[in-house]
Amino acid sequence: MAKTTSETTLKKILEKPEAEKILLNHGVPCMSCPMASFEMEKLEIGKVCKMYGIDSKKILKDLNK
């Protein structure tokens, strides 16, 4: 699978095993947001991190392990 970057969508990220757990561990609230389920193919992880003050470098490092 391709390397996850700040432009990778949540939909693509969630195709990886353990990705949801990593996102939740970093405090990404989108997993429980009803509106996010309609926008998963558009939501980029970098923009989500910026919106919620999440360290994108750390989350990308964990997602790419």
Report yes if some heavy atom in the side chain of Met40 is under 4.5 Å from a heavy atom in the side chain of Thr9; otherwise report no.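 Heavy-atom side-chain distance check fails, nothing below 4.5 Å.
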
Say you draw a straight line from NZ of Lys11 to CD of Glu41; how long is it, rounded to the nearest 0.5 Å?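 Taking NZ in Lys11 and CD in Glu41, the distance rounds to 4.5 Å.
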
side-chain contact (heavy atoms from CB on, under 4.5 Å) partner of Leu63, the single match among Thr8, Leu23, Thr5: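 Filter result, single survivor: Leu23.
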
Hey, are the side chains of Ile54 and Ile45 touching, using non-hydrogen atoms and a 4.5 Å cut-off?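 No, their side chains stay 4.5 Å or more apart.
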
Return yes if a side-chain donor-acceptor contact under 3.5 Å exists between Thr4 and Lys16, otherwise no.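 Present: a donor and an acceptor within the cut-off.
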
When rounded to the nearest 0.5 angstrom, what is the spacing between NZ in Lys61 and NE2 in His26?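 It comes to 10.0 Å.
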
Can you tell me how far OG of Ser6 sits from NZ of Lys57, rounded to the nearest 0.5 angstrom?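 Interatomic distance, Lys57 NZ to Ser6 OG, rounded to 0.5 Å: 11.0 Å.
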
So how far is it from Leu10 CG to Lys12 NZ, rounded to the nearest 0.5 Å?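 Here the rounded value is 13.0 Å.
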
Is there a side-chain contact between Val28 and Ile59 in this structure, where contact means two heavy atoms from C-beta onward sitting under 4.5 Å apart?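 SC-SC contact between Val28 and Ile59 confirmed.
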
Who pairs with Asn64 by side chain to side chain donor-acceptor pair (under 3.5 Å), at least two apart in sequence or on another chain?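 Not a single residue meets the side chain to side chain donor-acceptor pair (under 3.5 Å) criterion with Asn64.
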
Name all residues meeting the salt bridge (charged side-chain N to carboxylate O under 4.0 Å, His left out) criterion together with Glu20; count only those two or more places apart in sequence or in a different chain, and write none if there are none.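 Counting only residues at least two positions away or on another chain, Glu20 forms no salt bridge (charged side-chain N to carboxylate O under 4.0 Å, His left out).
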
Look at Glu39 together with Lys42 and state whether they make a salt bridge at an N to O cut-off of under 4.0 Å.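 So Glu39 does not pair with Lys42 through a salt bridge.
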
Verdict with reasoning, Asp62 to Lys58, per side chain to side chain contact (heavy atoms under 4.5 Å, CB included): CA-CA 6 Å; Asp62 285 350; Lys58 286 183 181 177; 5.6 Å; no

